[in-house]
Each structure stands twice: as C-alpha cells, then as structure tokens.
Amino acid sequence: MKIAIAGAGIGGLALALMLHKRGIEAEVWEAVEELKPLGVGINLLPHAVKELSELGLEDTLAEIGIKTSQLAYYNRHGQQIWAEPRGRAAGYDWPQFSIHRGALQMALLRAATQRIGAGLVHQGHTLESFEQDDGGVVARLRRRADNALVETRADVLVGADGIHSVLRRLLHPVGDEPRFSGRMLWRAITETQPFMDGRSMFMAGHQDQKFVAYPISEPLRQQGRSLINWIAELRVPDGAPPPTDWNKRVDRSVFAPAFADWKWDWIDIPAIIEGAATIYEFPLVDRDPLPRWTVGRVTLMGDAAHPMYPIGSNGSAQAILDARYLADCLADCGAGRSSLLYALKEYEAERLPRTAGIVLRNRMNGPEQVMQMAEERAPNGFSSIDEVIPYAEREAISQRYKRLAGFDKQSLAATPNR
C-alpha cells in the first residue's frame, strides 16, 4: 500500500511517520520550495503529545518547547477568572507543550526524512488535480523549479494542505467559502523577562478584545529569559476579512492603543507588544463543517478538513489525532481486516463529527466562554469571582470542552497504544 500526502505541515508529517511505523509506504508532496521554521507559537495538548511520544519524539519536544504548567483566564481588569494546572502538573501521563510551530515542523521533517527517506519527501510541488480508478489514484503536481507537471500514483491521496487546501477545493468547489468572525488577530514573539512561573499560559479580556501569551522556548527559559508568543485580538468595524494576504506584517499602532492600559502587577502587556520585532495580522476565520471528507480513494485531514478558530489550543492536536486514526484504519486494511474504501469511510465516520463539534463549539468561545461570561456579568470587575461565576460552573465548562476535544483523562486512558 502506498499513500500520497499533499502537505508537509504538522498533520501531514505526523501521518507519514505513523504510516511508516505501521509498515505503510508514505510519500509527501509539499508546495513550499524550501520548508523553514516559520510561524509563531502553538500548544500541543496531552492527547497530541501522547501520539508524538509513541513516535519517540517526546524528548525532542522537551528540548525545544515549554512544558506548560498552568492555564489562567483573566478579565480586562487583570482579575483572575479561572486557573488550572496543565499536562503533567494536572496529573496527565504526558505533558502539554507550548512550542514554536516552525521548530515543531522542522523536528517532524527531520524525523520523516530519516525514517521514510529524503527521496519520499518532496518540496516545491503544488497539487493541481487528481484522477482515480478502481486500482488507485493519480495526483498531478506542478514542480516550481521548472514548472513541469509531475504525476504520482498511489492507493490513497490525503489532503493535508491547510486552510487554503487545493484538494478540498477540488472536492468541494462550490459553497465552501471561509467564514469571518468579525475579529482580527495580531501575532508576534517577544523576548523578555518571564512572567508567573515562566511556564504559564494566560488569556485576558473577552471575545471582542483579548490578549493571549505563553512562553515557547525551553533553551531560553534555562537562561532565565522567556520567548513569549502572544496574540492580540479585536473586533473590527467593517465586518469583512482582507481578500488576500492573510499573513501580512503590520505596525503595532493598528491595535496597540486598545491595550495601552493593560498593565497590572503580574504582567505588562504594552511592554510585551512594544518588544516584538515583527507583527503579523490574521483574520479569525474558519469554514463550515463539510458533509464529507472522502471521495473514493481521496480524503482530507487537519485544517484542510476542519479549519477552526484557535480557541482551546486544538488545531494542531486535532490534525495529529486525524493522522493517528487514519493510520490505524489503513493498517487494519493492510492486515486484511477491512477494505481500503471501508477504511477511509471508517476514518471519516469517526473524525468528521468529532471535529465538526469542536469547530462549532469554538465559535461559541469554547472554554474561553468564562471570560465572556465575566465581561457580561461583571463588566466593571468583581470582588469575588465565585459570586459572578460559581466554581462548579467554571469547572463544568472546562471539563465539557476537554471531553469534546478528547483530552479529558478518561478519554486518554481509554485510547490504546498501537
């Protein structure tokens, strides 16, 4: 069996490694001519770390990323709404990592080229079309180096090519436009002094004005410094995202005045914003859940299948879970326990409704809804958060999202190793 994967992001590379572990040949085709450690920070939740640990990568992650100790929510006055330990600090068998996305991608790329072979990881090839028959699928890709059209034949073609997925557009050419939330994100990285314990993640504000920050570099933490990934978010008046360039550099003056007085005894947000060398602007968008991901021998995964708001730290984790379940289904097929077309349908039947639920819950602010509740119930602040949102209500919101996303302890304990 041979699987062609369009896209060498976190999901695509994780799938290639998981297929290799199960004795299935994988060939990866990436549109970018040369992958580089670009991007900002992400969080890997324990259920995603579990899967990467089974690939022998936990020590690698620990060398570059922060083992997150705590997640805390605050209102726009700097008052704490909710805090909980994370990862091993919360009693999980696996840590949560806050990590630079580019550093994680490079670690996965190194592992993939070593294990499946550098000759099976192609860069600079953009998927253009495909054809399939009873015996397989042919993918046609444009090689950027010389504009030549390259064909590859496989048993399955998987689209792991992100929110702007070519394969998704080929499968669903009509009625699948991005949905804009009406909010913009500004993302950057700032090197500075640690805040809290140097391993904590916090969010402050509410759905129309929010600031998120967490450290992402273990080497810098060892030096007593902190490389802080941060996100500023505001509702914008015109209600429409920019038509192009969803990753453009902007000046801090576009948004920083809204956070000018967000300086409290435990954090100085204006100073963090001021310390960034480069700031990128993104519209907060997702897409409606699809009715199906799979057509014959072709299927989708990750952001190509279920782009979601970056709420609850779940985008990368769900891509990794897609990879695990798809690899398991294909392994069952290879062992004669199911047909290939059944395996792809089984994968879709398991993962599509689960991720659709997360997409929709993230539109409702996911676990961050406690921040919006505090803003609505106590816009001028509070003397006791328990009088505004009782502890049991806050805890229920946190646990409900963990169960939905699959990283409550009971769900993780029930997931077998393979």
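Side chains are part of it too, since the values below use all heavy atoms of this structure and drop only hydrogens, waters and symmetry mates.
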When you measure from the side chain of [X] to the backbone N and O of [Y], does any donor-acceptor pair fall under 3.5 Å?
| X | Y | answer |
| --- | --- | --- |
| R101 | I42 | no |
| H100 | G102 | yes |
| H172 | R292 | yes |
| S53 | V49 | yes |
| N75 | G381 | no |
| D322 | G302 | yes |
| R287 | A304 | no |
| E281 | M184 | no |
| K402 | S411 | no |
| Q105 | A8 | yes |

Nearest atoms (heavy-atom pairs only) where [X] meets [Y]:
| X | Y | value |
| --- | --- | --- |
| A160 | I5 | CB-CG2, 4.1 Å |
| A112 | L13 | CB-CD2, 4.1 Å |
| I189 | I216 | CD1-CD1, 3.9 Å |
| S69 | D197 | OG-OD2, 2.6 Å |
| S316 | L44 | OG-CD2, 3.6 Å |
| P215 | G198 | CG-O, 3.3 Å |

So [Y] and [X], do their side chains get closer than 4.5 Å, heavy atoms only?
| X | Y | value |
| --- | --- | --- |
| R22 | L330 | no |
| K2 | E27 | yes |
| L52 | F97 | no |
| Q318 | R351 | yes |
| L412 | D93 | no |
| Q70 | P85 | no |
| D208 | H206 | yes |
| L71 | M203 | yes |

Tell me whether the rings of [X] and [Y] are parallel (<30°), tilted (30 to 60°) or perpendicular (>60°).
| X | Y | answer |
| --- | --- | --- |
| F259 | W262 | perpendicular |
| F407 | H47 | tilted |
| Y280 | F282 | tilted |

Note to self: Test side-chain contact (heavy atoms from CB on, under 4.5 Å) on N229 and R187; report intermediate values, then the result.
What the structure shows: CA-CA 8 Å; N229 175 83; R187 305 193 63 165; 3.6 Å; yes

Between [Y] and [X], is the closest basic N to carboxylate O distance under 4.0 Å?
| X | Y | answer |
| --- | --- | --- |
| E348 | K345 | no |
| D332 | R337 | yes |
| R394 | D386 | yes |
| D268 | K263 | yes |

What is the distance from atom [atom1] of [X] to atom [atom2] of [Y], rounded to the nearest 0.5 Å?
| X | Y | atom1 | atom2 | value |
| --- | --- | --- | --- | --- |
| L170 | L300 | CG | CG | 10.0 Å |
| R199 | S226 | CZ | OG | 12.0 Å |
| D286 | S181 | CG | OG | 8.0 Å |
| L284 | I231 | CG | CD1 | 10.0 Å |
| I116 | L17 | CD1 | CG | 7.0 Å |
| W230 | I269 | CH2 | CD1 | 10.5 Å |

[X], [atom1] atom: more than 12 neighbouring heavy atoms under 6.0 Å:
| X | atom1 | result |
| --- | --- | --- |
| R252 | CZ | yes |
| D59 | CG | no |
| R363 | CZ | yes |

Item checked: Passing option when E128 is tested against R142, R144, R169 for salt bridge (charged side-chain N to carboxylate O under 4.0 Å, His left out) -> R142

Item checked: From CA spacing to verdict: side-chain contact (heavy atoms from CB on, under 4.5 Å), V32, Q123 -> CA-CA 6 Å; V32 173; Q123 300 182 46; 5.5 Å; no

Check: side chain to side chain donor-acceptor pair (under 3.5 Å) between Q399 and R403: does it pass, once the steps are laid out?
Finding: CA-CA 6 Å; Q399 290 301 318; R403 286 193 297 270; 4.8 Å; no

Margin query: Side chains of E368 and Q372: any donor to acceptor distance under 3.5 Å?
Written below: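 No donor-acceptor contact under 3.5 Å links the two side chains.
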
Next item on the list: Please check if any side-chain donor atom of Y401 sits under 3.5 Å from a side-chain acceptor atom of N362, or the reverse.
Entry: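 There is such a pair (donor and acceptor under 3.5 Å, judged by atom type) between the side chains of Y401 and N362.
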
Note to self: Assess the residue pair R168 and L290 against the criterion (side-chain contact (heavy atoms from CB on, under 4.5 Å)); give the C-alpha distance rounded to whole Å, side-chain angles, the decisive distance to 0.1 Å, and a yes or no.
What the structure shows: CA-CA 10 Å; R168 178 176 176 132; L290 291 170; 3.4 Å; yes

Check: Hey, mind stepping through E84 and S398 against side chain to side chain donor-acceptor pair (under 3.5 Å) and telling me if it holds?
Finding: CA-CA 9 Å; E84 62 181 37; S398 174; 2.7 Å; yes

Next item on the list: Begin from the C-alpha positions of I267 and I272 and carry the test side-chain contact (heavy atoms from CB on, under 4.5 Å) through to its verdict.
Entry: CA-CA 9 Å; I267 197 72; I272 292 176; 3.7 Å; yes

Note to self: Which residue is it: Y214, W82, W266? I am looking for the one with a ring-ring contact (aromatic ring centres under 6.0 Å, His included) to F202.
What the structure shows: W266

